[in-house]
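See structure below.
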Amino acid sequence: MMVNVGVIGAGRIGKVHVNTLATRIAAARVLAVADISLEAAQSLADQYGATRATDDYHEIIHRPDIQAVLICSSTDTHSQIITEAAQAGKHIFCEKPIDFDLDRIDAALQAVVRAGVQLQIGFNRRFDPNHRRIKQAIENGEIGTPNLLHIVSRDPGPPPLSYVKVSGGIFLDMTIHDFDMARFLFGDVEEVYAAGGVMVDPAIGEAGDLDTAVITLKFTNGAIGMIENSRRAVYGYDQRVEAFGSSGSASSQNIHPNAVTISDERGVRRDLPLNFFMDRYTESFVVELEAFIKAIAEEKPVPVTGADGRAPVVIALAARKSYQENRPVRLSEID
Ligand SMILES: NC(=O)c1ccc[n+]([C@@H]2O[C@H](COP(=O)([O-])OP(=O)(O)OC[C@H]3O[C@@H](n4cnc5c(N)ncnc54)[C@H](O)[C@@H]3O)[C@@H](O)[C@H]2O)c1
């Protein structure tokens, strides 16, 4: 069965997803693209043969020939669009995070349950073959009892200030992926302690955000973890994970465009790692959307649910409180 899709938001991630659907997923077809910038919607639609571009997402939500919508617009629009799309009976794939506010998340999730539609949240890193192998190693008992989790997650450069201002801040926008990865690999978190700073761009601080952070985590199973973030790693996208346990460790390294090492009298070096998420996580975007389209076509549950979307928001809100109050915060204080 062919799943007809409408895409809302034609920015960075909207482009990635439309490209993936159009070029890699035979079971899906993009019929329409919406963006408040009609020009952005039109140019993306034209590029991939979608027949309709609009500046009003309601048009997509109310089209009877569209079964699923992808919400790729700015974070501050997600919960409202989820609610409206669910009420219109559409299945939904929504980018992370669902929202910054738990009441709004709960209202959106209730609308989804009431409508009986599917909702998948865009935690694409769960579909990366490296992170998946670490998960498998943990599940197979290859590292024994999990003790320590270390996640290094640094972007090559900060997003534009206009994005920062509606992003919800570093913990909700960027670390949210790492909080999800922590849950994916080690299970539920019960306490966090965050330190942060503005070391990349003072304008990010003036906008009320941080660009550098370290968060320690205590998991319900007794394990502990550490996440570190920077909005600027001059050598490219730095994405490494190590899970350490009683009988070993499972770790992943950055991915490079080639496997060549150059050795000369000055030193031994490699080309820089893949530069950002569009390159580093390409395969994960394909696999996550394949899983979504398959779940819709076969009427099976989606692999990353609304509850999986809500849980890291609670961790992020706890991290923000921890930073603001300079003390460890238990998740029970938030939720
Ligand atoms: N999973 C990932 O790796 C990943 C990567 C990047 C972004 N994201 C998430 O995707 C979302 C978008 O991020 P981005 O980097 O593409 O941002 P972006 O600013 O490049 O694009 C957002 C687009 O949404 C449009 N938009 C805003 N309000 C709208 C509305 N009401 N209706 C239709 N279009 C609207 C904007 O005009 C813009 O074109 C964010 O929630 C972000 O957290 C996820």
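All ligand and atom numbering here is 1-based and tracks the order in the structure. All of these numbers come straight from a predicted model, not from anything done at the bench.
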Does ligand 1 have any atom that is closer than 4.0 Å to a heavy atom of [X]?
X: H177; answer: yes
X: S74; answer: yes
X: F285; answer: yes

Show, in sequence, the C-alpha distance, side-chain angles and deciding distance for Q87 and R114, and conclude whether the side chain to side chain donor-acceptor pair (under 3.5 Å) test is met.
CA-CA 8 Å; Q87 285 165 352; R114 226 176 281 134; over 6 Å; no
[X] N/O to ligand 1 N/O under 3.5 Å:
X: Y57; answer: no
X: N124; answer: yes
X: T77; answer: no

State the atoms of ligand 1, each with its element, that fall below the 4.0 Å cut-off from a heavy-atom position in [X].
X: T75; value: 40 (C), 41 (O), 43 (O)
X: G122; value: 1 (N)
X: D173; value: 43 (O)
X: H78; value: 41 (O)
X: G11; value: 16 (O), 20 (O), 21 (O), 23 (C), 39 (O)

Return the closest protein heavy atom for [atom] as residue, atom name and distance.
atom: atom 39 (O) of ligand 1; result: D35 OD2, 2.6 Å
atom: atom 20 (O) of ligand 1; result: R12 N, 3.0 Å
atom: atom 30 (C) of ligand 1; result: I36 CG2, 3.7 Å
atom: atom 6 (C) of ligand 1; result: F277 CZ, 3.5 Å
atom: atom 13 (O) of ligand 1; result: Y163 CE1, 3.7 Å
atom: atom 16 (O) of ligand 1; result: I13 N, 2.9 Å

If we ignore angles and hydrogens, is there a donor and acceptor under 3.5 Å between the side chains of [X] and [Y]?
X: D46; Y: Q42; answer: yes
X: H131; Y: Y281; answer: yes
X: D188; Y: T220; answer: no
X: N254; Y: Y235; answer: no
X: Y48; Y: N19; answer: yes

Electrostatic pair [X]-[Y], nearest N-O below 4.0 angstrom:
X: R154; Y: E228; result: yes
X: R133; Y: E142; result: yes
X: E283; Y: R24; result: yes

To atom 11 (C) of ligand 1, the nearest of S73, G9, P159 on a heavy-atom basis is S73
Compare G14, A41, C72, P160 and give the one whose heavy atom is closest to atom 22 (C) of ligand 1.
C72
Pair K165-E206, salt bridge (charged side-chain N to carboxylate O under 4.0 Å, His left out): steps then yes or no:
CA-CA 10 Å; K165 285 177 184 158; E206 283 153 26; over 6 Å; no
Using a 4.0 Å heavy-atom cut-off, which part of [X] comes near ligand 1: side chain, backbone, both, or neither?
X: F276; value: neither
X: E95; value: side chain
X: Y281; value: neither
X: K96; value: both

Can you confirm whether T305 sits close enough to I121 that some side-chain heavy atom of one is under 4.5 Å from a side-chain heavy atom of the other?
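No, their side chains stay 4.5 Å or more apart.
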Pick from T212, D211, V198: which one makes a side chain to side chain contact (heavy atoms under 4.5 Å, CB included) with R231?
D211
Does R183 qualify as a cation-pi partner of F219, given the criterion of NZ or CZ under 6.0 Å from the six-membered ring centre and within 45 degrees of its axis?
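No; the conditions do not both hold, so R183 does not lie above the ring face of F219.
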Please report whether the ring centroid of F285 lies less than 6.0 Å from that of H17.
yes
